[in-house]
Q: 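My questions all concern the structure below.
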Amino acid sequence: MPTDNRVAQEDPRPSLPGARLGIVVAGGVALLALIETAQALIAPLRVPVAADWQAVANQVRAGFQAGDLIVASPAWADPVMRMHLGDLLPIPVAARMDDARFGRIWEVSQHGAHAMETAGRKIVFEQRFGALTLRRAERPAAEITFDFLERWQEAQVTRWDPILRSSSVCSWQVDRFTCPISGNSVQRALVEVDNRIRRAILAPPATGAVMAVDFPSVTLGRELVVAVGLHDTWARKSSGNVHFEIWLGGQPVASTIADNRSGWRSLRIDTSGRDGQVASVRFQISSTLPVLRHLAFAAEARR
């Protein structure tokens with residue numbers, strides 16, 4: 001009887017490592033599906049409801065004092081917070097330069113978030129209201145010895161032409177300082193810098209000239225704090241930088257470049273050696289491409 005010498009061939013099978021990989025992948029997909037399902041079920045339970053916001057608002061109003069600041073964290077919750085407590089946030093507070101002058105800050109938090117305004121402050125109160133956590137943080141408030149925004153009409157504004165080596169005075173007209181020839185103006189306004197509303201002095205640079213905003217009699221504290229940036233999200237699509245200088249007592253002491261990405265940049269000048277003295281402060285603005293460069297700044301002398 002003939003013998004079949006052909007070797008029997010077995011069906012191919014996956015190697016052991018490949019089989020394990022498939023099991024791991026399948027298990028990972030199943031675990032991900034479980035996590036997504038759990039999140040879909042749990043997420044609605046973590047969303048603050050109207051009763052949570054109302055309870056927080058009642059607690060804040062019961063303890064609120066003049067000069068307090070209220071913030072929301074994460075920042076995207078700010079519009080909802082203002083629906084319940086907006087009357088306690090007047091425009092000068094809502095459009096503040098920073099938080100240094102506020103000794104007490106109420107923070108309405110969700111999802112475990114913390115506001116940058118409360119960083120470094122002592123938490124003296126914390127209570128949970130449903131999906132919201134209310135905290136009050138405190139530290140000594142800065143004493144403002146000179147508020148440039150409140151006293152902006154005391155400024156003397158000039159336009160300096162470096163080619164002609166001549167300066168012209170920008171005179172007061174109705175609600176702003178207006179410069180001859182170029183028509184540039186300096187005024188206090190609500191501006192948008194870094195996607196936030198700020199209260200600032202709006203002083204765009206002039207073509208081929210240097211704008212100077214002088215305050216001749218500033219009572220100094222231990223530091224001079226200045227914040228500067230470019231106004232208007234649409235204007236920031238244009239090109240060109242703005243050179244910003246700070247002069248103290250006739251001498252330049254600090255400078256920065258404001259551009260589309262610099263945001264609301266703060267400069268701090270140590271004046272502790274001149275605390276209590278009166279000195280002149282100048283802000284100089286210039287740009288080689290001044291079109292749509294809406295420079296805005298705010299400043300305070302503090303101790």
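The first residue of the sequence shown is numbered 1, and numbering continues consecutively from there. Predicted, not measured: the structure shown is a model, and the values here were computed from it.
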Q: Within this structure, what is the OG1-CD1 distance for the pair T118 and I105, rounded to the nearest 0.5 Å?
A: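 The distance works out to 7.0 Å.
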Q: Taking 4.0 angstrom as the limit, do R101 and D147 come out as a salt bridge?
A: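 Counted as a salt bridge, because a side-chain N and a carboxylate O are separated by less than 4.0 Å.
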Q: I want to check something: taking the side chain as every heavy atom from C-beta on, are M97 and V225 in contact at a cut-off of under 4.5 Å?
A: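 They are in side-chain contact.
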Q: So, D98 side chain and A100 main chain: donor-acceptor pair closer than 3.5 Å or not?
A: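 Checked: pair present.
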Q: Ignoring hydrogens and geometry, is there a side-chain-to-backbone donor-acceptor pair from S73 to A75 under 3.5 Å?
A: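 Absent.
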Q: Indicate the ring-plane relationship of W76 and H111, choosing parallel, tilted or perpendicular according to the 30° and 60° boundaries.
A: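 The arrangement is tilted - the two ring planes meet at 30° to 60°.
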Q: Do the non-hydrogen side-chain atoms of L85 and R61 ever get within less than 4.5 Å of each other?
A: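 They are in side-chain contact.
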Q: Side chains of S109 and H114: closer than 4.5 Å at any heavy-atom pair?
A: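 In short, these two side chains do not touch, never coming nearer than 4.5 Å.
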Q: Determine whether V278 and L220 make a side-chain contact, defined as any pair of heavy atoms from C-beta on separated by less than 4.5 Å.
A: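 Not touching, per the 4.5 Å side-chain cut-off.
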Q: Between E223 and R274 (salt bridge meaning N to carboxylate O under 4.0 Å), is one present in this structure?
A: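 The answer is no: the pair does not qualify as a salt bridge.
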Q: Report the C-alpha distance between W172 and Q153 in whole Å, list the side-chain angles of each, state the deciding distance to 0.1 Å, and finish with yes or no for side-chain contact (heavy atoms from CB on, under 4.5 Å).
A: CA-CA 9 Å; W172 177 260; Q153 294 184 26; 3.8 Å; yes
Q: Should we count CD1 of I91 as having more than 12 external heavy atoms under 6.0 Å?
A: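 12 or below, so no.
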Q: Give, for atom CZ of F177 and atom SG of C179, the distance between the pair rounded to the nearest 0.5 Å.
A: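 F177 atom CZ to C179 atom SG measures 10.0 Å (nearest 0.5 Å).
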Q: Charged N to carboxylate O below 4.0 Å: is that the case for R222 and E143?
A: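 No salt bridge links R222 with E143.
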Q: Would you call E117 and F102 a side-chain contact if the rule is heavy atoms closer than 4.5 Å?
A: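 Heavy-atom side-chain distance check fails, nothing below 4.5 Å.
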Q: Strictly distance-based, threshold 3.5 Å: is any side-chain N or O of R96 a donor or acceptor partner for the main-chain N or O of V93?
A: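 Yes.
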Q: So F283 and F297, would you call those rings parallel, tilted or perpendicular, with 30° and 60° as cut-offs?
A: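 Rings of F283 and F297: tilted, as their planes differ by 30° to 60°.
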Q: To the nearest 0.5 Å, how far apart are CG in L248 and OG in S280?
A: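 If we round to the nearest 0.5 Å, L248:CG and S280:OG are 7.0 Å apart.
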Q: Got a donor-acceptor contact below 3.5 angstrom from the R135 side chain to the I123 backbone?
A: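 Absent.
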Q: Measure the CD-OG distance between E245 and S286 for me, rounded to the nearest 0.5 Å.
A: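 Between E245 CD and S286 OG, I get 7.0 Å after rounding to 0.5 Å.
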Q: Do any N or O atoms from the side chain of R188 and from the backbone of L149 form a donor-acceptor pair under 3.5 angstrom?
A: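 Confirmed, R188 side chain pairs with L149 backbone.
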Q: Any side-chain donor-acceptor pair under 3.5 Å between Q284 and R282?
A: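 There is such a pair between these side chains.
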Q: Classify the ring geometry of F215 against F146: parallel below 30°, tilted from 30° to 60°, perpendicular beyond 60°.
A: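 If you compare the ring of F215 with that of F146, the planes turn out perpendicular.
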Q: To the closest 0.5 Å, what do you measure between OG (S185) and CZ (R176)?
A: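 Between S185 OG and R176 CZ, I get 5.0 Å after rounding to 0.5 Å.
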Q: Without hydrogens or angle criteria, can the side chains of R303 and T145 be said to hold a donor-acceptor pair below 3.5 Å?
A: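 No, no side-chain donor-acceptor pair sits under 3.5 Å.
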Q: Measuring from R139:CZ to R121:CZ, what's the distance to the nearest 0.5 Å?
A: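 The distance works out to 4.0 Å.
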Q: Quick check on side-chain hydrogen bond (donor to acceptor under 3.5 Å, both in side chains): which of N260, D232, N241 does R293 satisfy it with?
A: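 Exactly one candidate clears the test, N260.
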Q: Going by heavy atoms in the side chains, are M211 and V186 under 4.5 Å from each other?
A: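 Yes, their side chains come closer than 4.5 Å.
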Q: Is there a donor-acceptor pair under 3.5 Å between the side chain of D68 and the backbone N or O of Q65?
A: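 Yes; judged by distance alone, with no hydrogens or angles, the pair exists.
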Q: Distance-only, no hydrogens or angles: does the T178 side chain make a donor-acceptor pair with backbone N or O of S171 under 3.5 Å?
A: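 No.
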Q: In terms of side-chain geometry, is the basic nitrogen of D78 or R82 positioned less than 4.0 Å from the acidic oxygen of its partner?
A: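 So D78 pairs with R82 through a salt bridge.
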Q: Is there a side-chain contact between W106 and L88 in this structure, where contact means two heavy atoms from C-beta onward sitting under 4.5 Å apart?
A: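 No; the side chains remain at least 4.5 Å from each other.
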Q: Between F64 and F125, is there a shared hydrophobic cluster once you connect ILVMFWY residues whose side-chain heavy atoms come closer than 4.5 Å?
A: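 Same cluster.
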Q: Taking H231 for the side chain and E192 for the main chain, is one N or O donor matched with an acceptor at less than 3.5 Å?
A: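 Such a contact is found between H231 side chain and E192 backbone.
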Q: Is there a path of hydrophobic side-chain contacts, each under 4.5 Å between heavy atoms of I/L/V/M/F/W/Y residues, joining V108 to F129?
A: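 Looking at the clustering, V108 is in the same group as F129.
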Q: Can you tell if the side chain of T256 reaches within under 4.5 Å of the side chain of L267, non-hydrogen atoms only?
A: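 Yes, their side chains come closer than 4.5 Å.
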Q: Is there a donor-acceptor pair under 3.5 Å between the side chain of Q127 and the backbone N or O of T133?
A: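 Not at all, since once roles are kept as given, no pair shorter than 3.5 Å links the two residues.
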